[in-house]
Amino acid sequence: MPQPLVSKHRRVLREAKAVAAPVVGNRRVYRLTAEPLPDVVYWVRPYHQMRARSFDRLAEALERKEDQ
């Protein structure tokens, strides 16, 4: 990945408060933060529920196949 693109992603993550980046010596050390997690969970929940139902149906189909 080109360095300018990496820098852009890091800046976006800092602005979203998804990472903390304290300066340590002559570099920044990036760490994930929990602050935006509720928003992420809210956004992901419908997709997770849809996938969970799909996996449940797949597990049921596989169990039926094993019973045959």
Side-chain angles (χ1 to χ4, degrees):
M1 186 180 291
Q3 181 58 40
L5 189 56
V6 172
S7 295
K8 180 179 179 181
H9 283 281
R10 289 189 305 206
R11 180 177 46 84
V12 169
L13 290 171
R14 280 194 317 268
E15 289 173 358
K17 295 183 172 63
V19 296
V23 176
V24 177
N26 62 351
R27 60 189 186 132
R28 290 183 181 268
V29 177
Y30 286 79
R31 290 191 170 78
L32 292 174
T33 63
E35 187 174 330
L37 288 181
D39 293 333
V40 171
V41 170
Y42 177 78
W43 182 78
V44 170
R45 182 171 287 128
Y47 302 102
H48 178 269
Q49 291 170 344
M50 179 180 64
R51 292 292 171 216
R53 286 191 299 268
S54 295
F55 284 125
D56 289 343
R57 288 193 304 269
L58 175 61
E60 290 168 5
L62 292 173
E63 286 175 10
R64 284 193 303 270
K65 185 171 179 148
E66 286 179 359
D67 291 340
Q68 294 178 355

Nearest 0.5 Å, what's the CD-CZ distance between E66 and R64?
11.5 Å
Name all residues meeting the side-chain contact (heavy atoms from CB on, under 4.5 Å) criterion together with R10; count only those two or more places apart in sequence or in a different chain, and write none if there are none.
Q3, V6, S7, R14, Y30
Taking every heavy atom of L5 against every heavy atom of M1, the minimum-distance pair comes out as CD2-CG, 3.8 Å
Which atom pairs, donor and acceptor, lie under 3.5 Å between side-chain atoms of residues 31-60 and protein residues at least two apart or in another chain?
unit_1: T33; atom_1: OG1; unit_2: K17; atom_2: O; d: 2.4
unit_1: T33; atom_1: OG1; unit_2: A18; atom_2: O; d: 3.3
unit_1: S54; atom_1: OG; unit_2: M50; atom_2: O; d: 3.2
unit_1: S54; atom_1: OG; unit_2: R57; atom_2: NH2; d: 3.4

Any residue meeting salt bridge (charged side-chain N to carboxylate O under 4.0 Å, His left out) with E63, in chain and number order, not counting sequence neighbours:
none
